[in-house]
Structures are given as C-alpha cells and as structure tokens.
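Below: the structure, in structure tokens.
What you see is a predicted model; the values in this text were computed from it and never measured. Order of the sequence lines sets the chain letters (A, B, ...), proteins ahead of strands, with each chain counted from 1.
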Amino acid sequence: MSNVDLGKLISILGSSRDLARLITEKIRDYWVFLTSRGVKRLKIMDFCGTHEWTITHYGLRSLVPGDLELVAGPGCPVCVTPSHFVEVLIKLSLEGVVVYVYGDVYKLRSTRGVKNVYSLAESRSLGGDVRVVTDILSAIRDVKSHNKPSVFAGIGFETVAPGYAQIILTGHLPRNLKILPLVKLTPPAMFYALDVSREKPTEPPIMGVIAPGHVSTITGAKAWTPVSENYNIPVVVSGFEPVDVLVSILEILRQLSRGEAKTTIEYTRAVSWHGDLGAQASINKVFETIDDAWRGIGYLPKSGLRIRDKYKIYDAFYEYGIREPPPGELKDMPPGCRCAEVVLGKAYPTQCPLFLKTCTPQRPIGPCMVSIEGTCAIWAKYGSRELLFKLREELSSKVKAT
Amino acid sequence: MNLLVELFSSLWCCLVEYVTLAHGSGGVEMSELLEKLVFSKVKPGFRRVSSGIGLDEADDGASIPIPGLGHLVVSVDSYTVNPPFFPGGNIGVLAAVGSINDVLVMGAKPIAILDSIVVEEGFSMRDLQVIVDSMINVLENEGVALIGGDFKVMPRGQVDKIVITTTAIGIAENPIVDRPRPGDKILVSDYVGEHGAVILMMQLGLSSVEEISKGLLKSDVKPLTKLMIPLIEKYRECITAARDPTRGGLAGVLYEWAMKTGTLIVIDESKIPIKEPVKRYAESLGVDPLYLASEGVAVLALNPTCAEEVLEYVRKLGFENARIIGEVRESELFKGYVAAETTVGGLRVVEPPRGELVPRIC
C-alpha cells in the first residue's frame, strides 16, 4: 500500500476520459442487453448529495443512456431537517443563546418562522448571536472565548456522530455548550424511498442504489444488505470521483443483467464490510436510536440518534426542554415547493413550479435549494437533466454538420 | 434603552439596501449594480469620446482616437489586495502589472502610468518603501514612464493598510474591442487561477503549506508585454477578443463574452491548464479554479483560420503552457451560455461568477 501514489490515483479517477469512455461503452453494452430483455426505463438512485454533485458536475447523465435515469435520494441532511428545529434554533438565538451552525443551515428557511423571523441569517441581522462554523471543534474553540450559554446544531448523517460521541465521552465539551443532536440514519430513509417508488407502478422502478461512501466508512457496507435482500435490487457503495460513480453504475447493470441483487463495495479504498467498529461502539454508548422526523416526509422508524439519559447534561434537548415536532407539523414545506418529492426521487427539480423561477440559489425558498448537497441547488448550478440533454443534442448535431 | 436603539438600528438594516462584498467581486451582482448605478445614468452621448471605446463596451479600458496617431488607450484600477505582501509579489507589483496588462489586452503598447497611493497612519515606512520600489522596478523593466500621481494618509483604522490606484496609458493603432465570433477558438496563455488560489490560501492562514514555502505555488503576477506586443504586431487581425482573467477568473471572461455576443462558448475542461496544487487546494477549499483570478494570463479569441498558427507562435514566445481550450458557437437555445465538456467527457453548464468568492484579491 505504501508505494501507491494516492494523488496520482485520484487524478486518474477524476480525469481519465479514456477510462470513462471504456466504462460508458460497457454500460451501453449492458443496457442493450437489458433492453433486449424487455427493460424500457429504469432508475438508479444515488442516495448521497455528494454523489449527485459528482453526477451533475461531471455531466455523467449525458454519458449514459437517457432511459437509464439517475435520480437523487434523501442524502442531504439540511433538506430533511424539520422546519421545527430551525424554529427552535431561531428562538434560542433570539433569547440570547449563542447558536453555532454550519453555513447551509444558516441560510435554511423555516415555514412558520418565529415572530416573523424565518431563518438564522435573519435572526442574526436582528441581533441574534448566530455563528457559522465548519465543525464542532471550531465551536468548542470559540465558546471558550465567552461564557454565554451556547448550542451547537449537530445536523448530519452517521458520519458526524462518532465525532460528537467522542467529544462527549472524553469530556471535551465546555459546560456552556450543549449539542442539539439532529443526526439521521440513512438506511431507513432508503427503505422508505424504495417503498414509495413501488406504490406507483407506472413510473420507472428504482432498480439499483448507489449507496453513500462516507456514511459506509462508519456503518460498513453490511448496513445496506437489507436493501439488496428485502427489495431484491443491487446496491453498490461508491466513491465520489466520477469514475467511481460510473463503475458503480456499471456494477449495478452487470448484476441486473445476471439477475443478481447483492450489496458490493466499489469504494474499497475507504469502506469495509463491517465498518469502523470503534466508531460504532462509541455511537452506541452515547446515542440511542429513535423514530425521527424527516422534513416533508414524516416520522421514519429507527431513523435518528438522540443522546442517552446518562449523558443528558450535554444535551440541548434536555437543557432547553426542546420537544420533538408534532407529527401534524411535518408537511412543512413552503407552498408550491416539491422538495419532499425531490428527496424521495419522485420528482425532478425541473418539475417543481418554483425551480429557477422564484426559488434560486441566491434566494432559496425550499430546503433543496439551500445546501450544495441539495439536488435543486446542484441542478441550478450545473444545469438540469433536460437542459444538458438538449445541449448534448445541439453539440452533436453541429459536429455532424461540420 | 440601549437595547431599543440596537433593535431599531438592526431593523433598519433590513429596510435599507446595503453594498455587500459580492457587489465588488466582478460577478453578476457587480454588473447588475453598475448597470443600475452608473451605466443607466450616463447619457448615450457621454459614454465615449467620438469613435473611441467607451463605457458601453465594459472592456478592460477605454480609448480616445487621436488623428494621425491611432488611439490613446487608458485604463484605471484600484488595488486593495489583502495581504499586501504575498508569495510572488506585493501590492506595488500588482498595481503596476495590473494596469499595464489591462492596456496590453486592449491591443495597446503601454507608455505611461499615474499612481495614487492612500496609506494608513502607522503603516511601516520600510514596507511602504518596498512596495513603491517594486512598483517603480516593474515600470522601469517595462519601459513605462511614471508621469504623475497623488499620495494621501488616512487616520488609523479608516483604511486597511494601503490602497493603490493606477491609471495606465498606451498607444494602439487598432485597439482590440472584444467581439468573439462563432467559430473562433479560445486560447489561454498560461496556467490559470494561481494568484487567486494563493491569496485565498493566505487569507485562510494556509501560508505555511509545503508548496507555498517551497515556492512551487505563488502568485502569477507578471506583465504580459512579452506576449501581447509581438502578438499585436504580427497577428492583430487574427485576434477578435483579449482579456486578462482577474476577478471572476476564466469563467467570468467567457461568460461576459457569451452574453455580450449572444453566443454559446464551449470549453474542454481537460485542456484548461491548471497547476496540480491549485487544482488540489481549490478542491479542498470548495472553490472551482475556473473562477480564481490570474494576474499574468491572457485569454484570446482567435479566428479559426489562424488559431493554430497563433498558438504555435505564443508557445515560441515562451508561453509553453498555452492551450486552445474551446470555441465560440452559434446557438438559438443557448445564447449567453458557457458549457464545459468535463474531464470525463460529460457536459455541464459553467455558471457566471456569483457572490463573494475571495474578497480583496487585487
């Protein structure tokens, strides 16, 4: 392993057009085979916002057959955090609590607002003490410079949980800083998205899943076996370079054409079958699994983490008497916004009446337009599926003409 | 009482519009503001002198026709770079080079410069001397006269360290007004984005990374004289547009060209010369090198019949990393778009620079 030049490897994965061509040719071969077996259209869901970024930024949709649809899933933490918690944070910040958040949470809009304040950005302009940080360690460093009561909004997936757990277990959390743990677990959301996709048999079915690479470094690829076993579709844990994603698509098609449905790892340089056992142990020690609320979707069983009673002195839920959102409040999207369907792969951003009309990355309305992991924000920045298909058509027709 | 005042003043902030850093980043916000603030307010007859290049062109500079001589080309720029000393140069070098390059990419030979220095009370006299010496040194090497200027000191805290404004003057027989045409090839003279990457890293406290301390990564600030003067002499007719991609980077220049001419510009991302460390740090800092400023690079649009010949010539002039990276196309559906064929052969849209990417870059 020591003589592998990682920089070189990444550059091969990131920029090899010949390699990409080779893989896309294979993808087309399998596609031809599958269509000869009666497949007309199918969807492959990329769970993770970063995979959607890779797919759109590198234009992978323009490389695969148009009827092989790559559709984004719920893998954007900011998109699925209930409006209720944005309101909780706004309220705390207006009451003199220092609120530490990630940059995209700062801009996230709540549906109901608190006293006409709809985001933490607005709260700050009204005097609320909201501070943007890149991680919990920066919040810890900053909190030591003042004695004010403070809250860190711990939004994220399995990847962030070991860090929070470790800080709590080692006693590194300053007394005046509490964590609001809003960590969500990804496999339950995947099950739900697949259930939903099967309700409508008229739509092309989701026949494969590109599973999150970073999450799987913690959970291990084994976390995805319920998807391949219960739903009988291939799952590939993928890396984030464009060639990684193309190889994962290829592996899904290979399995489909052989009638297989297995969970496999493409991202072998980072992910193992069992994952990080140490991290899993510290998560289990500090957190318990609860039925958690997903914005615009509702409560999903066993899909979130909260701090165990034993460690409640670190928990903002306990310190400030914060409650879970009432189930009736979970259809919490702005009027017209289809973000809830976008995160489930039921709608493309371009099918939303607000997309790039009133809802833009500069003035986002729905949560999918806020974070760079949100499908709407990614499509707005690098071009939608339809736009790129038209562009591909136009460019190839010009080439033929000349 | 204090709380009331605070609340009132912070409420006021939301009723009144304020200038933000995004308005000065050379992107969409800046063009929109300038249109509203300046362009729309200046009457058509006052936007240029006779048949010269004026405000409407929003080019690197302006020109005044002088019968029998050609055009007097003038460019003005203020330099506020933070920090004033950076790997590869300082604000004095930048102030001289930046304005000289603006005149050069207008197709003119720079002959003179005027400067205006505003410095903060308490600024080190030694540093000031180094900055001014470096500026004069550039001018001497380039054969450009310093023919006048101004010097002011502001009380401590009322300006951040130092601001330099320079006006460069040049002579052009036939100035380059940017008008890329369908079919034209896009040439980039050198690696892009180094200046922007270095300043960004300095501002983020990454000055001690290996590539910077070993001098492998430094600002690309340099005069484009050795490139532009021979090119103008030999291939002026082949050049349909020329720019130096400072704020807004390569993406900014291409987007402005596409918008101005109602064309589609298609670039091949794998052909854009970007140094490996620039690529790597830009990726880890979440910025795209296409938007990072260069201070010693020219972007040219070339007539396709002579583009390859010009590329050959540019390389012979010592710009070995020059590449043709794309072309201008006519399009009904995609007027004003820039599109990229990505490094793996896919397609995506290159959006115009928006927001505040790196403040105080030049």
Does any donor atom in the side chain of [X] or [Y] lie under 3.5 Å from an acceptor atom in the other side chain?
{"X": "B/Ser331", "Y": "A/Glu394", "result": "yes"}
{"X": "A/Arg17", "Y": "B/Ser270", "result": "yes"}
{"X": "A/Tyr348", "Y": "A/Glu69", "result": "yes"}

Query raised in the report: Is it true that B/Cys306 and B/Cys238 have SG atoms closer together than 2.5 Å?
Result: yes
Query raised in the report: What part of A/Leu391 lies closer than 4.5 angstrom to a heavy atom of chain B: side chain, backbone, both or neither?
Result: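 Backbone plus side chain of A/Leu391, per the 4.5 Å heavy-atom cut-off to chain B.
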Report task. If the plane angle is over 60° it's perpendicular, under 30° parallel, otherwise tilted; pick one for A/His57 and A/Trp53. Result -> parallel
**Report entry** Option in A/Arg21, A/Lys381, A/Lys390, A/Arg61 with maximal non-hydrogen atom pairs under 4.5 Å from chain B
**Finding:**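 Result: the option with the highest number of such pairs is A/Lys381.
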Query raised in the report: With respect to chain B, which residue among A/Val64, A/Leu387, A/Thr24 yields the maximal number of heavy-atom pairs within a distance under 4.5 Å?
Result: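 So the answer, after comparing A/Val64, A/Leu387, A/Thr24, is A/Leu387.
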Report summary line: The interface call for B/Val350 against chain A, heavy-atom contacts under 4.5 Å, is neither
Report task. Considering only heavy atoms and a distance below 4.5 Å, find which of B/Glu269, B/Arg280, B/Glu351 pairs most often with chain A. Result ->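 Greatest number of close heavy-atom pairs with chain A: B/Glu351.
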